[in-house]
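Position 1 is the first residue of the sequence, and the numbers go up from there. Counting convention: from 1, in listed order, for ligands and their atoms alike.
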Amino acid sequence: MQGVSFLATVALLALASSFASAYDPSPLQDFCVAINDIKSAVFVNGKFCKDPTMVVANDFFFSGLSKPADTANKANKVGSNVTLVNVDILAGLNTLGISLARLDFEAYGLNPPHIHPRGTELLVVMEGTLLVGFVTSNPNKLFTKVLDKGDVFVFPIGLIHFQFNIGNTNAVAFSGLNSQNPGVITIANAVFGSKPPINPDVLIKAFQLDKGVVEYLEKEFMSN
Ligand SMILES: *[C@@H]1O[C@H](CO)[C@@H](O)[C@H](O)[C@H]1NC(C)=O
């Protein structure tokens with residue numbers, strides 16, 4: 001009996017650790033530079049690792065966050081633009097559970113309500129004044145704050161949050177996220193702009209909107 005429950009415990013622990021590795025795991029080696037060409041590569045998680053003897057300093061390097069991203073083009077309706085340096089951009093991030101973003105805002109630009117399904121976000125304002133906030137899971141309490149240069153705010157994993165430039169100058173912020181691939185779900189785009197579209201009756205009832213408004217929103221977000 002004892003033997004059986006020991007085995008069951010071992011099996012449960014094995015199962016638990018396989019669940020745990022569904023999150024970005026603690027690294028089991030110094031690094032695992034991601035590689036797309038799988039010849040002569042080792043598989044660790046998510047991506048294959050580049051042969052460590054072939055790894056070079058540039059595998060850990062990215063240049064380009066000195067320049068603001070474009071916020072003024074016609075396709076940009078919110079006046080903000082996020083440049084994310086994740087594992088797809090910086091292969092050396094593979095298995096390390098971290099990434100970085102630069103956020104640019106024109107005057108009154110908005111990073112609209114969104115979720116990072118796999119990452120907590122730690123933001124620091126470099127220029128300008130941002131109104132930021134996040135909303136908890138039910139019951140939906142808003143935590144909000146006005147941030148100036150040098151101020152830091154944390155957005156817990158999986159919660160809806162936003163950043164709004166309330167100044168009449170450009171704003172710049174940087175964010176660290178504790179995932180090599182935090183992901184992003186922009187609420188309005190996901191709900192009104194999915195492909196194929198969600199049945200309008202679902203959205204009419206969910207958001208308590210008139211049919212015409214839902215049709216307008218679907219048209220607006222589908223064309224993005
Ligand atoms: C964001 O900035 C990049 C780089 O400037 C630009 O190529 C891209 O079109 C911009 N995206 C939007 C939605 O403005």
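- The local environment of CG in Asn36 is sparse, with at most 12 non-hydrogen atoms from other residues, nucleotides or ligands closer than 6.0 Å.
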Atom pairs and distances, donor-acceptor, side-chain atoms in residues 197-213, under 3.5 Å, two or more places apart:
{"from": "Asn199", "atom 1": "OD1", "to": "Asp201", "atom 2": "N", "distance (Å)": "2.8"}
{"from": "Gln208", "atom 1": "NE2", "to": "Lys205", "atom 2": "O", "distance (Å)": "2.8"}
{"from": "Lys211", "atom 1": "NZ", "to": "Glu215", "atom 2": "OE2", "distance (Å)": "3.3"}

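- With a 6.0 Å radius and a threshold of 12 heavy atoms from other residues, nucleotides or ligands, Phe60 has its CZ atom above the threshold.
- Ranking protein heavy atoms by distance to atom 13 (C) of ligand 1, first place goes to Asn76 ND2, 4.0 Å.
- The heavy atom nearest to atom 1 (C) of ligand 1, out of those in Val82, Asn81, Thr83, is found in Asn81.
- When distances from atom 7 (O) of ligand 1 to the protein are checked, no heavy atom turns up under 4.0 Å.
- Sorted by first then second residue, the salt bridge (charged side-chain N to carboxylate O under 4.0 Å, His left out) pairs that include residues 142-169, not counting sequence neighbours, are Glu127-Lys149.
- Summary of contacts: the protein heavy atom closest to atom 5 (O) of ligand 1 is Asp70 N, 3.0 Å.
- Between Leu147 and Thr129, every side-chain heavy-atom pair lies at or beyond the 4.5 Å cut-off.
- Ligand 1 has an N or O atom lying under 3.5 Å from an N or O atom of Asn73, backbone or side chain.
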